[in-house]
Amino acid sequence: MAKRVLTVDDSRSMRAIISKALGTLDVEILQAEDGEKGLASVEENNPDLILLDITMPVMDGPTMLKELRGRGHKHKVILLTAESGTSVIGPLFALGFEDYIVKPFKAEELQAKVVKILNPQAKAMVEPQAPKEAPRTTESGFVGGENRPFVEVLVVDDMENVAKQFRNLLPESIRVNNALDGQSAANLCRERLYRVVVVDVEIPDVDTASLVRQLRALQPAAAFIALVMRNAKNPVQIARDKGVDGALVKPFDVEQIKDFLSAYFEAKDLVEVENELVRVSGFSGRKDRELRYFARLSKLIDEAIDKLAAACYPGAILDVTALPQIPEQAVRLLTDAAAYARDMGLGLRLVAPPETGQMFQKFVETASIPIHATVAEARAAAQEQPAA
Amino acid sequence: MINQAEFCESLRGILVARIQEGKLVIPVLPDVVVRIEKELQDPNYDINNVATLLERDLVLAAQIIQTANSAAFARTQRVESIRKAVGLLGARSLRTLLLTTISRQIYSSRTPAINDALHTLWDHSLVVAVLSQDVAGLVESAAPDAAYLAGLLHDVGQAIVGIYLLEVERSAIDRRGAHRSDFINHEFWMSVVKEVYRPVSAALAEKWNLPTAVCDAIKACDDYDPGNRRSIGNVVRFSDAVAMQMGIGLVLLDESQVNALVMIGRSLLGLDEDVVTRISAQGKRIIDEARLSART
């Protein structure tokens, strides 16, 4: 059933604007032209949210709010008014209201606040889909909204060639945006969501410490990497001082870009989860990076098990067909995974080719884990008898 | 025997009149800073000249290096000398650094209790400066640098008036033998400061020849201007309220007023609540680091 939103405002055109702004949401709009009629509507319709103007004839907003609370009603209220004086708004806190919007307002602001208040079920139901293309204008955006298109990397550097060189070293599937100054970077971060933001820490006339703080506030989930010159004494320390997650030196070299990809992109794709199936990707890098691969894999498998446990699956099927046959590392990985699954209350089954399966049977730590040749076999066995 | 209430009322009258007539003694910029400012106005200023001027004042030079390496200013490379600081920072950053260092000097007293109060006030000013700079950048307001300076100096009048009252109290005690403990009581002190500090802050900004945008913002930041939503004055007013909500500084308003200011500011500036929470947390970290660094 649609949530009910009551708008109490003496202006007919304002009520129409509000109704139109909320038209994209799955809510029923009720209207009242003053506090008295608003109270009557509350009694009759029991709305989930009231959008309340302050200055109205017959009964104004503060009087209606006082009367509402006096009657013991705890309806959620957003003040929607042209009044911005603290002497008027401040005293209303004692009566209780959820939020405040100053007129004239943008539809996005009203939508965002209504969605936030009308609980997660309503939110999931009413949230508009993220647009495929980034919005062209930066003026209309309510700073911090989450309906933003996703792009992998943002490079903030005053020299265009830096982003160009960086782009050339990355796989084509990774999209890269470039900002030449702080303002453009902030605009892009307002409009899009990034996985990684790479920031030159010495942009002329830009306080990069402040810029990083601003971008972080807009991109809380992104990793931040400092771009430093090759002659910088201690890039790791610089990254720490700047409050970022890592550092890249320029000019770039292929090896550090491989590390970058491995840390922020490949690692995310090493493990694929599909229902109770956790599929492990193979390793194709240099020999000296194998240890890092296994370490990341171990962490990602634990995260996948967390997700399965949270979703109440009784067991996990781990497909290690692509796992390199390095006995010491592979056995340790599976021993840890089995122990973690057990701690989380999940049974664990393996899918592996015969030679890999034989390798695991030889070790005490992994000998007791059920091994199957195919995912279908593992699923059938799990149906019959959940693994211990 | 002196009548305390009458004395306080006459003092308030004299102070207000002095401020209105522009006769209150406002701290001046040190000569060296005025000369450096003159140098910096030339787009092709000579780094050596600026460094040489700064090196003449050893105390100021040391304070500038300390400020340059503080959390609020942290650069890629650690600043170990004045020449390096001047070389690394552009004119705008150097000007901001100088004014931060000079302003800090106003917030000190040889009386320990007053010194503590002034430190609290300084923490508030610094966090409002940092928040104003960040918020100005986020809402595409004019010049984050101007927002920083307006935030830094918006409450400087509180320190100036506070110190002035302290001196008057001392003088009254010396002349009339009044009892020392609460001659100017806390309530009176607060009410006078609240009444007169804003024009004093603006007077200092004008005396220091700060840009018009900074002076105007300080004058205008008592309440929001709904007609000019993203003005620097609104940015500073909002940042001031956020700092008070964080419990940093002298809170001259009650809790509901502070909450109202934050809520109204968020809507006027078009900021999401989560963004404000993250910006506040970062500001808090900077102040914590500054406090830690001051202790060590």
Side-chain angles (χ1 to χ4, degrees), chain A residues 79 82-94 97 99-103 105-106 108-109 112-113 116 138-139 141-146 182-183 186-187 189-190 201-202 204-218 220 226 228-229 232-233 235 237-238 241-243, chain B residues 69 71-78 88-93 96 130-131 133-140 144-145 148 223-226 229 234 237 241 253-283 285-286:
Chain A
L79 299 178
E83 180 58 67
S84 65
T86 44
S87 56
V88 176
I89 308 300
L92 300 180
F93 268 92
F97 63 93
D99 215 327
Y100 163 95
I101 297 172
V102 68
K103 292 176 190 169
F105 61 91
K106 286 170 183 161
E108 299 96 307
E109 182 184 6
K113 289 185 175 177
K116 196 165 190 173
T138 58
E139 287 299 312
F142 186 59
V143 178
E146 291 308 310
Q183 195 62 70
N187 287 343
C189 284
R190 241 189 299 277
V201 291
E202 294 294 347
D205 274 335
V206 170
D207 179 341
T208 45
S210 171
L211 178 63
V212 168
R213 289 196 300 272
Q214 290 166 35
L215 301 185
R216 263 206 189 283
L218 294 170
V228 297
M229 293 299 290
K233 276 181 190 161
Q237 185 61 41
I238 291 169
D241 289 347
K242 286 284 173 189
Chain B
N69 288 318
F73 271 88
R75 309 290 300 177
T76 305
Q77 297 176 47
R78 191 167 173 79
L88 272 176
L89 305 167
R92 267 163 51 184
S93 295
T96 308
V130 170
L131 289 174
Q133 183 185 30
D134 293 353
V135 169
L138 280 171
V139 302
E140 293 181 80
D145 290 0
Y148 175 92
D223 211 344
Y224 291 114
D225 174 6
R229 290 189 174 206
N234 281 358
R237 171 75 290 189
L253 303 170
D254 65 42
E255 194 184 344
S256 64
Q257 283 176 309
V258 173
N259 291 338
L261 279 169
V262 172
M263 220 176 232
I264 295 167
R266 271 203 288 117
S267 184
L268 279 172
L269 295 167
L271 287 166
D272 183 82
E273 191 176 359
D274 296 337
V275 170
V276 174
T277 305
R278 291 192 283 269
I279 282 281
S280 315
Q282 292 177 148
R285 264 201 302 278
I286 285 178

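These numbers come from a predicted model, not from an experiment.
When all heavy atoms of R278(B) and R216(A) are compared, the pair lying nearest together is NE-O, 4.1 Å. Closest of all the heavy-atom pairs between V275(B) and A217(A) is CG2-O, 3.7 Å. Of all non-hydrogen atoms in S84(A) and P226(B), the two that sit nearest each other are OG-CG, 3.5 Å. Q133(B) and Q214(A) get closest at one heavy-atom pair: O-NE2, 3.7 Å.
The shortest side-chain heavy-atom distance between M263(B) and L79(A) does not fall under the 4.5 Å cut-off. Within the 4.5 Å cutoff, the side chain of R213(A) has no heavy atoms near those of the R285(B) side chain.
Looking at I101(A), T86(A), V88(A) one by one, the single match for side chain to side chain contact (heavy atoms under 4.5 Å, CB included) with I264(B) turns out to be T86(A).
Most heavy-atom pairs under 4.5 Å with chain A, from the set L268(B), N259(B), V276(B): that is N259(B).
Formation of a donor-acceptor pair under 3.5 Å by the S267(B) side chain with backbone atoms of V102(A) is found in this model.
Looking at Q183(A), the atoms closer than 4.5 Å to chain B (heavy atoms on both sides) all sit in the side chain, from C-beta outward. Contact of D134(B) with chain A is made through backbone and side chain together, with heavy-atom distances under 4.5 Å.
Here S256(B) contributes atom OG and I89(A) contributes atom CD1; the two are 11.0 Å apart, rounded to the nearest 0.5 Å.
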